[in-house]
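Scroll down for the structure; my scribbles are underneath it.
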Amino acid sequence: MLSIGEFSKICGVSTKTLRYYDEIGLIKPDGINTENGYRYYSIKQLKRMLFINRLKSYHFSLEEIKTILELEEDQSEEKLCITLHRKRNEIQEKLKAFEYLLQQLNHDISDLEKGVPIMSYLDDIEVQLVETKPMNILFKRLMMRSDDYAIGYGRYFNELYEKIATKKLTLLGKPMTIYHSPDYNPAGNDTEFAIPIKEVVNGSRDLPGRLCAKSIIKGAYPELTSVYANLMKWIDHEGYELIQPPYEVYLTDPNQTKRPENYVTEVYFPIKKK
């Protein structure tokens with residue numbers, strides 16, 4: 001048996017963390033001295049603790065790690081493999097985002113060295129006034145944390161496409177995301193993933209046609225915040241106001257267009273005159 005201090009030193013985990021892991025049922029000491037309350041861990045628990053450390057290094061949450069440990073205990077290798085594949089895809093998405101950020105940083109440094117202001121690109125974003133047509137959309141609406149968007153786009157759009165294929169529905173347009181929350185909250189935002197279809201079925205709804213301010217951007221999704229800022233500036237300057245949630249239409253498929261700088265996205269702001 002190892003004391004909590006010895007176990008802590010070998011695994012590189014503080015005793016405070018080990019006590020917390022005990023509280024939440026992640027890893028409990030094999031023995032506790034009833035007289036002094038000292039905690040002791042067995043040698044065989046080192047493997048479990050090192051596995052927890054590895055999963056933490058993959059950025060799994062403690063709740064996710066707890067579930068994974070249960071899968072291992074149940075010898076559910078297939079489910080464990082699926083979970084790890086999903087995390088790998090998530091990390092790959094983040095790597096692509098960092099690669100784009102590095103490219104963008106290099107571009108900004110180059111512009112500054114040439115005397116070009118970093119934010120001058122905002123002046124090149126064109127705004128159009130358009131009348132959209134009503135459409136029937138198959139949708140999935142849920143609260144999304146900001147950290148979940150990258151993986152969420154693929155997961156929920158795939159669910160909608162699977163439903164379209166299974167029920168043999170008629171696809172009429174590109175996938176879109178509608179943002180219903182009145183303000184941004186990192187803890188959760190009211191988000192609707194949708195795909196236009198012909199048939200009216202359970203899980204579909206009407207999206208009315210509207211007068212919209214529209215911009216098209218070619219580039220990675222983080223650039224969309226610039227479009228939103230520019231659209232709000234244009235709407236205010238032209239005497240309009242936003243009357244419905246804004247939405248994005250994705251003209252390119254990230255699975256087919258590997259370079260983020262080649263993504264093409266339309267942004268729509270439903271508006272009316274003040």
Side-chain angles (χ1 to χ4, degrees), residues 64 67 78-79 81-94 96-97 130 132-182 184-210 212 214-225 227-228 244-260 262-270:
E64 288 173 324
T67 301
E78 185 178 350
K79 290 182 179 178
C81 192
I82 290 171
T83 302
L84 293 178
H85 270 291
R86 189 179 298 129
K87 178 57 70 172
R88 182 180 66 180
N89 291 340
E90 183 182 322
I91 292 173
Q92 285 173 337
E93 287 296 325
K94 290 180 179 179
K96 283 199 294 185
V130 298
T132 64
K133 296 180 180 180
M135 64 181 81
N136 181 55
I137 57 173
L138 186 67
F139 70 93
K140 185 177 183 67
R141 185 170 172 175
L142 66 162
M143 297 299 291
M144 289 283 293
R145 292 189 301 118
S146 56
D147 293 341
D148 293 336
Y149 275 120
I151 193 70
Y153 285 131
R155 181 186 306 171
Y156 298 120
F157 281 134
N158 283 340
E159 287 181 13
L160 292 174
Y161 277 119
E162 286 174 9
K163 187 172 181 178
I164 290 171
T166 301
K167 294 185 176 294
K168 295 181 171 56
L169 303 175
T170 308
L171 185 67
L172 292 182
K174 297 291 186 178
M176 57 200 299
T177 306
I178 306 169
Y179 299 99
H180 293 276
S181 293
Y184 174 74
N185 183 354
N189 294 280
D190 187 358
T191 309
E192 184 177 16
F193 300 97
I195 300 173
I197 60 170
K198 180 180 179 180
E199 297 81 5
V200 176
V201 296
N202 184 32
S204 71
R205 74 174 183 90
D206 178 57
L207 183 67
R210 300 279 187 186
C212 290
K214 169 190 172 184
S215 283
I216 302 175
I217 183 170
K218 185 177 181 181
Y221 297 138
E223 291 293 333
L224 288 168
T225 55
V227 177
Y228 276 62
Q244 292 291 329
Y247 60 93
E248 302 164 359
V249 178
Y250 309 108
L251 301 186
T252 51
D253 183 346
N255 295 319
Q256 297 176 351
T257 308
K258 296 301 182 182
R259 298 178 65 86
N262 292 330
Y263 295 169
V264 180
T265 309
E266 295 176 338
V267 181
Y268 292 84
F269 275 39

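- Between Tyr228 and Ser215 the shortest side-chain heavy-atom distance does not fall below 4.5 Å.
- Within a 6.0 Å radius of CG in Asn202, other residues, nucleotides and ligands contribute 12 heavy atoms or fewer.
- Considering only heavy atoms from C-beta on, Thr83 stays 4.5 Å or farther from Lys87 through its side chain.
- In this structure, Ser181 contributes its side chain and Asp190 its backbone to a donor-acceptor pair below 3.5 Å.
- The shortest heavy-atom contact between Val264 and Lys218 is CG2-CG, 4.2 Å.
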| task | List the steps, then state whether side chain to side chain contact (heavy atoms under 4.5 Å, CB included) holds for Leu171 with Tyr161. | result | CA-CA 9 Å; Leu171 185 67; Tyr161 277 119; 4.1 Å; yes
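- Atom-to-atom distance recorded for Leu84:CG and Asn89:CG is 11.0 Å, nearest 0.5 angstrom.
- Atoms CG and NE2, on Asn189 and His180 in that order, are 11.5 Å from each other to the nearest 0.5 Å.
- Here the shortest heavy-atom pairing between Asp206 and Pro134 reads OD1-CB, 4.2 Å.
- In terms of heavy atoms, Gly203 sits closest to Leu138 at O-CD1, 3.4 Å.
- Side-chain contact between Leu251 and Glu266 is present, with heavy atoms from C-beta onward closer than 4.5 Å.
- Taking CD of Glu248 as the reference point, atom CD1 of Ile178 lies at 10.5 Å (rounded to 0.5 Å).
- Here the CZ-CD1 distance, from Phe139 to Ile195, works out to 13.0 Å after rounding to the nearest 0.5 Å.
- Residues Leu160 and Phe193 come closest through the heavy atom pair CD1-O, 3.5 Å.
- In this structure, Tyr263 and Ile217 have side chains that are not in contact, with every pair of non-hydrogen atoms separated by 4.5 Å or more.
- Partner of Tyr268 under the side-chain contact (heavy atoms from CB on, under 4.5 Å) criterion, out of Met176, Lys214, Gln244: Lys214 alone.
- Looking only at side-chain heavy atoms (C-beta outward), Cys212 and Phe269 stay at 4.5 Å or farther from each other.
- No more than 12 heavy atoms of other residues, nucleotides or ligands sit less than 6.0 Å from atom NZ of Lys174.
- Atom NZ of Lys79 is surrounded by 12 or fewer heavy atoms from other residues, nucleotides or ligands within 6.0 Å.
- The distance from the OG atom of Ser204 to the NZ atom of Lys167 is 11.0 Å, given to the nearest 0.5 Å.
- Between Thr177 and Tyr250 the shortest side-chain heavy-atom distance falls below 4.5 Å.
- No salt bridge links Glu159 with Arg155; every basic N to acidic carboxylate O contact stays at or beyond 4.0 Å.
- Among all heavy-atom pairs drawn from Ile137 and Ala194, the shortest one is CD1-CB, 3.7 Å.
- Residues Tyr179 and Pro245 share a closest heavy-atom pair of O-CB, 3.1 Å.
- Taking a cutoff of 4.0 Å between a charged side-chain nitrogen and a carboxylate oxygen, Arg205 and Glu192 qualify as a salt bridge.
- Between the CD1 atom in Ile164 and the CZ atom in Phe157 there is a gap of 10.5 Å [rounded to 0.5 Å].
- A 4.5 Å side-chain heavy-atom check between Thr265 and Leu224 finds at least one atom pair inside the cut-off.
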| field | Working for side chain to side chain donor-acceptor pair (under 3.5 Å), residues Glu199 and Thr170 | value | CA-CA 7 Å; Glu199 297 81 5; Thr170 308; 2.7 Å; yes
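- Between the side chain of Thr132 and the backbone N or O of Gly209, no donor-acceptor pair lies under 3.5 Å.
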